[in-house]
Structure formats: structure tokens, C-alpha cells
Amino acid sequence: MKIIGTGSAHPKCCVTNTMLEQFLETTDEWITERTGIKERLVISSEKLEDLAVIAANKALEDANLTAKDIDFIICSNVVNEYVTPALSCIIQGKIGATCPTLDINAACAGFIFAMDMAEDKIRCKKAKNILIVCAEEPSRMVSWENRSTSVLFGDGAGAAVVSEGDELKAIRLTTSSLTDVLYYQRSLEPTPYIDKDENFEPLVMKGRDVFKHAVTNSCRDIRKLLNETGLQPEDIKYYVLHQANLRIIDSIRHFLGVDEERVPHNVERYGNISSAALPALLDELNRAGKLQKGDKLVFSAFGAGFTTGACVIEWAK
Ligand code: UT7
């Protein structure tokens, strides 16, 4: 499998740390020091599906394909306005594709899980070109009265078109059922028969536990993949990591012994946009002309579950 096109889209409403100071007991200094985030772009008048469609169309254009060339669409999403139909069905109609589609939820690691599924479909010749769209609005999962969680997230979409090729060198997925460190429960309709206690609350996160799992697991995944492919850390042009927190990114970089310029980040401008973060950063690198054919890239992401995904891929464009 290889990546032949990327795209991204962000909402227009920019919320700076200073704006948060006006209604939360927080400071720009605390948020910057603990997370690296200076501002985040959050959904206001947009619909998430429209951001997903913009990102998808940009990726198609970058791949020199039309929607009719796509054999399957995988959408990575945790929440959006619809429980059903799947967001991928909405995207399919709006971009004018006719192929089957599927939504997946592997939280922030969703892009790598989608890549793994796409690789399988391409390898067994069930598809030639697959569109992956990661579209997320975690700003709608947190309580905006909770300073511990609301300052961390932003919304947006990232997309990639993948096709036949040998450029995906190794990929690794993990799930460990640690469901109490990060979760969000949705409220369901009442019925006359429900007689159990139900407790719906906004996103709950044990920040320190997530931090530790993120760093430990990401370093483990990357080391295993480098070992498997026989690559040295310095053979990798860029480590494209999930953008949750600059301290997490710096810790992973430190433990791997990698120079700062090999670990790009944009979390300071967007906050954590869940599974959309990695493809959106990849799109930024691609559009800035920072990726050359043959460059080796490592992707690594982690999220609620606890899920992790990582891969080594050669840039093909
Ligand atoms: O995709 C995965 C998503 N999640 C993550 O990536 C989160 C990973 N975890 C983290 O990034 C960090 O744990 C946080 C940034 C969430 C928190 O940083 P921390 O250094 O682990 O701080 P803490 O949770 O231990 O809190 C330290 C203090 C607490 O006050 P007390 O109990 O010491 O009085 C918090 O109440 O900081 C307080 N605090 C805040 N203060 C000002 C928590 N949030 C804020 C805030 N502004 N926004």
C-alpha cells in the first residue's frame, strides 16, 4: 500500500488560551507549560461532515483521482451529530462516490487502524484505491466547565487516499482494555423498561495515566517497528505522532533519542483533534513540500481504549 494524496480541513472559530481564561480558572501559562497548546479551532457554525468532505476532496485532488475511482471509504470518527447513518455514508454522497463505506472507532489511533484495514483490502485485491477520512469533534464531548479536559481539544478532519504499492513497510496495532482512564458515555433514549442506574457525564480522563500509557506504548511500538524493518532512528525523516500534548511528543522524542527537527508538531495551533490529528499534520508536511519520494516516515498514535497504532511507510509521491 502507498499514500497517494492527503487533505485536511479545520473549523474557523479560534479559541485562544486567553479566551479560556475568561470563563475557566486557568491561565495561558498553565496550558502552555503543561500541553504546549496556545489555541484550538473548534466547530461553531460548521458541520463536521462538511469539514470531512473538504478534507476528502483535497486528498482526492492531491491524488489526481475522482470520487468514482474510489473502491472503499473508511471514516474514523468517535462522535458526530448522527449515530446512524455512519459518517462515511454522508461523506460518500457528498463527494459523489458510489463505493461501499464503513465507520470505525479506534479513538485517536483511528487513522492507523484504518490504514491497516485498507492494506488488507488492497492486498487481497478487493480494492485498488481507498479513501480514509478522519473527522472528529471532541470539543462536543467535554464539559466546557471542566478546565482539566476542555483546554485540550480542537475539531477538524484529515484525509488520505491510499492505493496499491509496497511502501507500507510495517504496521502494528494494539488494544488493552483500560476503559476507566478515558471515556465518554452518550445518553440514550429512556424506555418504560429501563430499571438500571445510568450515569451520563462528559468526557472523563485520568490525565496522568493517559500520559504514561501514551509515552510508554508509543516508544514500544516505534522501537518494535524499527527493529522489524532493520531501520535506525536516524533513517526516519519524520516521526509523525498523534498531536495530543507537546510534553508527550517531547517525551517520546527524548526516549527515542531523536532530534527535534524530525518530530514535527502543530498541536500548539489546533489542540488535540483525535484521529484527525495525524493525517492533518501529514497533509501540512505534504503541502509545505517537506516530503520527498523515498523518505521514510514513522506514524504513531494512541487513544481511548487504550488503543495504539504505528507504522513505517515510505513516501511515494
Ligand atoms: O488523545 C489522548 C487525550 N489525552 C491526553 O493526551 C492527556 C494526557 N495527559 C496530559 O496531557 C496531562 O496529564 C494534562 C495536561 C491533562 C494535565 O497535566 P498534569 O501535569 O498531569 O496535571 P494534573 O492533572 O496532575 O493537575 C495538576 C493541577 C491540579 O491541581 P491540584 O490538584 O494540584 O490543585 C489540577 O486541578 O493542575 C490543575 N489543573 C489546571 N490548572 C489550571 C488541571 N487543569 C488545569 C487548567 N488550568 N486547565
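Counting from 1, the numbers follow the sequence of the chain as shown. Note that ligands are numbered from 1 as they come in the structure, with each ligand's atoms numbered from 1 the same way.
- For atom 39 (N) of ligand 1, the closest heavy atom belonging to the protein is Trp30 CZ2, 3.4 Å.
- Remark: the Asn217 side chain and the Arg220 side chain contain an N/O donor-acceptor pair separated by less than 3.5 Å.
- Residue contacts with ligand 1, taken as heavy atom pairs separated by less than 4.0 Å, involve Ile248 solely via side-chain atoms from C-beta onward.
- A donor and an acceptor atom, one from each side chain of Thr18 and Asp28, are nowhere located under 3.5 Å apart.
- Residue Met205 has no nitrogen or oxygen atom sitting less than 3.5 Å from a nitrogen or oxygen atom of ligand 1, judged on distance alone.
- When hydrophobic residues (I, L, V, M, F, W, Y) are linked wherever their side-chain heavy atoms come within less than 4.5 Å, the members clustered with Tyr82 are Ile4, Ile43, Leu48, Leu51, Val53, Leu60, Leu65, Ile70, Ile73, Leu87, Ile90, Ile91, Ile95, Leu131, Val133, Val161.
- Distance check for atom 24 (O) of ligand 1: every protein heavy atom is found at 4.0 Å or beyond.
- Between Asp62 and Lys58 there is no salt bridge, since no side-chain N of the basic residue sits under 4.0 Å from a carboxylate O of the acidic one.
- Sorted by first and then second residue, the salt bridge (Lys or Arg N to Asp or Glu O under 4.0 Å) pairs involving residues 42-51 (not counting sequence neighbours) are Lys12-Glu46, Lys47-Glu81, Glu49-Lys94, Asp50-Lys94.
- Close to ligand 1: Ser148, with a non-hydrogen atom less than 4.0 angstrom away.
- At a threshold of 4.5 Å between non-hydrogen side-chain atoms, the residues Ile236 and Arg262 do not count as touching.
- Shown in contact with Val151 at under 4.0 Å from a heavy atom are these atoms of ligand 1, numbered in order with element: 48 (N).
- Side-chain contact of Ser300 with Asp221: a donor-acceptor pair under 3.5 Å is absent, judged by distance alone.
- Closest protein heavy atom to atom 35 (C) of ligand 1: Arg147 NH2, 3.9 Å.
- Proximity of Trp315 to Asn286: side-chain heavy atoms (C-beta onward) are separated by under 4.5 Å at one or more points.
- Counting heavy atoms closer than 4.0 Å to ligand 1, residue Thr149 contributes nothing at all.
- There is no protein heavy atom less than 4.0 angstrom from atom 14 (C) of ligand 1.
- Under the 4.0 angstrom criterion, atom 33 (O) of ligand 1 counts as lacking any protein heavy-atom contact.
- Side-chain polar atoms of Thr174 and Thr308 form a donor-acceptor pair below 3.5 angstrom.
- At the shortest separation from atom 22 (O) of ligand 1 among protein heavy atoms lies Arg34 NH1, 3.3 Å.
- Counting protein heavy atoms under 4.0 angstrom from atom 19 (P) of ligand 1 gives one or more.
- The presence of a protein heavy atom under 4.0 Å from atom 11 (O) of ligand 1 is confirmed.
- Ranking the protein heavy atoms by distance from atom 8 (C) of ligand 1 puts Gly207 O, 3.5 Å first.
- Counting the atoms of ligand 1 from 1 in the order shown, those under 4.0 Å from a heavy atom of His242 are 1 (O).
- Less than 4.0 angstrom separates some heavy atom of Thr35 from each of these atoms of ligand 1: 15 (C).
- Salt-bridge annotation for Lys296 and Glu314: present, with a side-chain N of the basic residue lying under 4.0 Å from a carboxylate O of the acidic one.
- Using modelled atom types and a 3.5 Å distance limit, the side chains of Asn17 and Glu39 yield no donor-acceptor pair.
- Contact annotation for Cys108 and ligand 1: only side-chain heavy atoms (C-beta onward) come within less than 4.0 Å of the ligand.
- An N or O contact shorter than 3.5 Å is missing between Thr27 and ligand 1 by distance.
- Which parts of ligand 1 touch Asn245 is read off a 4.0 Å heavy-atom cut-off, strictly below it: atoms 10 (C), 11 (O), 15 (C).
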